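So the structure is just underneath, and the comments pick up after that.
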Amino acid sequence: MTEPLRSLQSVVEAAQGVSANPLRLACAAAADRALLRAVRAAKDLGLADPLLIGDRAEITGIAESDGISLDGMNWLDAPDADAACRSAVALCRSGHAGALMKGAAPTSTVLKAVLDPLHGLRTDKILSHIAVFEPPGFGRLLLVADAGVNVAPDLAARLQIIQNSVEVARSLGLHRPRIALLAASETISDAMPATRDAAELAVMVRKSMGDAVAVNGPMSLDIAVSSAVASNKGVDDDVAGRADLLIAPTIEVGNVLYKAMTCLTSSAVASLVLGAAVPLVIPSRTDSEASKLFSIALAALFSNACRPT
């Protein structure tokens, strides 16, 4: 991939083209309408080979009532959400599946199985959430982390969140991603600890990742994404007005930004939880069928990029 992907549809197309083998997707507690529609579309597009885990009668009943074909789907019976999540994790752990997707199960149940110290999918990496947005009229993709997992990460944890997120950025063709460390102001102030933290984190990122990324912070959102605002405020560097990846200081900032993008701008979005042995598709209950499909495509593309050559 020579040019960065600029739309979520291009993510779907890239995922179709990178591997001859569809992603084996373990769908935990698959009795979920939106999940079934998304995995049907993903299978038809050649993105994924879904394995539906859960109560077969319940899954079949939902599919029949909604007119969703289950032709060609694989099955694994599980009596409840906890068993379904443990089975999905076991399939990923054994290499029989390359990603896990949450259906009608609480996120806490999925993460409990993933983080099980003996039978889970833990690695030496922190778990973190990445969202890939396609803002209307923006002309390119915009990544945001962390909007869903880490509540108040310290600087070391935020460095790991950045490292996770950069791997996704590179799978999208952003070979030297521009990273903005968000705060309310670009001016360092004792009254706003997030500004001090961002300045210190920027130094840590440069030391850890060198020229592989461009990073700046603290940086306000408008300066990060608008070249006109950056110019008006006299900020001129590699990141200002051209940020690819926005790093939130806390989950509140990330989550508000995520929901503002989806609710107020109707931005299309794909999201993953990173840092486990396989990518985790853990959609919000309000995510659309299209967002779930985009997330599956992102998981497929990311998995292929991380596959040993």
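This structure is a prediction, so every number in the text was calculated from the model and none was measured.
With a 4.5 Å cut-off on side-chain heavy atoms, L293 and L45 count as touching. Between Y258 and V269 the shortest side-chain heavy-atom distance falls below 4.5 Å. A 4.5 Å side-chain heavy-atom check between K233 and D222 finds at least one atom pair inside the cut-off. The shortest distance between side-chain heavy atoms of F133 and T265 does not fall below 4.5 Å. Using a 4.5 Å heavy-atom threshold, the side chains of V39 and M101 count as touching. Using a 4.5 Å heavy-atom threshold, the side chains of N216 and D238 count as separate. Looking at Q9 and E13, their side chains come closer than 4.5 Å, going by heavy atoms from C-beta outward. Between L111 and L127 the shortest side-chain heavy-atom distance falls below 4.5 Å.
Closest of all the heavy-atom pairs between P177 and A212 is CD-O, 3.8 Å. The heavy-atom pair separating T109 from C85 by the smallest distance is CG2-SG, 3.9 Å. Taking each heavy atom of N164 and I126 in turn, the nearest pair found is ND2-O, 2.9 Å. The minimum heavy-atom distance linking V151 with E252 is given by the pair O-OE1, 4.2 Å. Among all heavy-atom pairs drawn from S171 and L301, the shortest one is O-CD2, 3.5 Å. Of all heavy-atom pairs between S10 and S7, the closest is OG-O, 2.5 Å.
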Inset, instruction - Applying side chain to side chain contact (heavy atoms under 4.5 Å, CB included), run through V215 and M209 and close with a yes or a no. - result: CA-CA 10 Å; V215 63; M209 307 187 78; over 6 Å; no
Inset, instruction - Start with the C-alpha gap between I179 and V166, add the side-chain angles, then the distance that decides, and say whether side chain to side chain contact (heavy atoms under 4.5 Å, CB included) holds. - result: CA-CA 9 Å; I179 305 168; V166 165; 3.9 Å; yes
Inset, instruction - Report the C-alpha distance between R140 and D244 in whole Å, list the side-chain angles of each, state the deciding distance to 0.1 Å, and finish with yes or no for salt bridge (Lys or Arg N to Asp or Glu O under 4.0 Å). - result: CA-CA 9 Å; R140 57 190 177 87; D244 302 304; 3.4 Å; yes
Inset, instruction - Take S69 and R40, measure what side chain to side chain contact (heavy atoms under 4.5 Å, CB included) needs, and give me the verdict at the end. - result: CA-CA 7 Å; S69 171; R40 177 74 262 169; 3.7 Å; yes
Legend entry - Trace of the side chain to side chain contact (heavy atoms under 4.5 Å, CB included) decision for F294 with V132: CA-CA 9 Å; F294 291 143; V132 180; over 6 Å; no
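Hydrophobic clustering, with ILVMFWY side chains joined whenever heavy atoms are under 4.5 angstrom apart, keeps I282 apart from L25. In terms of hydrophobic clustering, with Ile, Leu, Val, Met, Phe, Trp and Tyr side chains grouped at heavy-atom distances under 4.5 Å, V144 and I251 are assigned to different clusters.
Tested against L246 for a side chain to side chain contact (heavy atoms under 4.5 Å, CB included), the candidates L143, L257, L181, V253 yield a single pass: L257.
Side-chain contact check for S189 and T187: no donor-acceptor pair (N or O, by modelled atom type) lies under 3.5 Å.
Distance check: R37 CZ to D66 CG gives 4.5 Å after rounding to the nearest 0.5 Å.
Residue-environment remark: CG (D154) exceeds the threshold of 12 foreign heavy atoms within 6.0 Å.
With respect to D116 and R86, no salt bridge is recorded, no charged nitrogen being found less than 4.0 Å from a carboxylate O.
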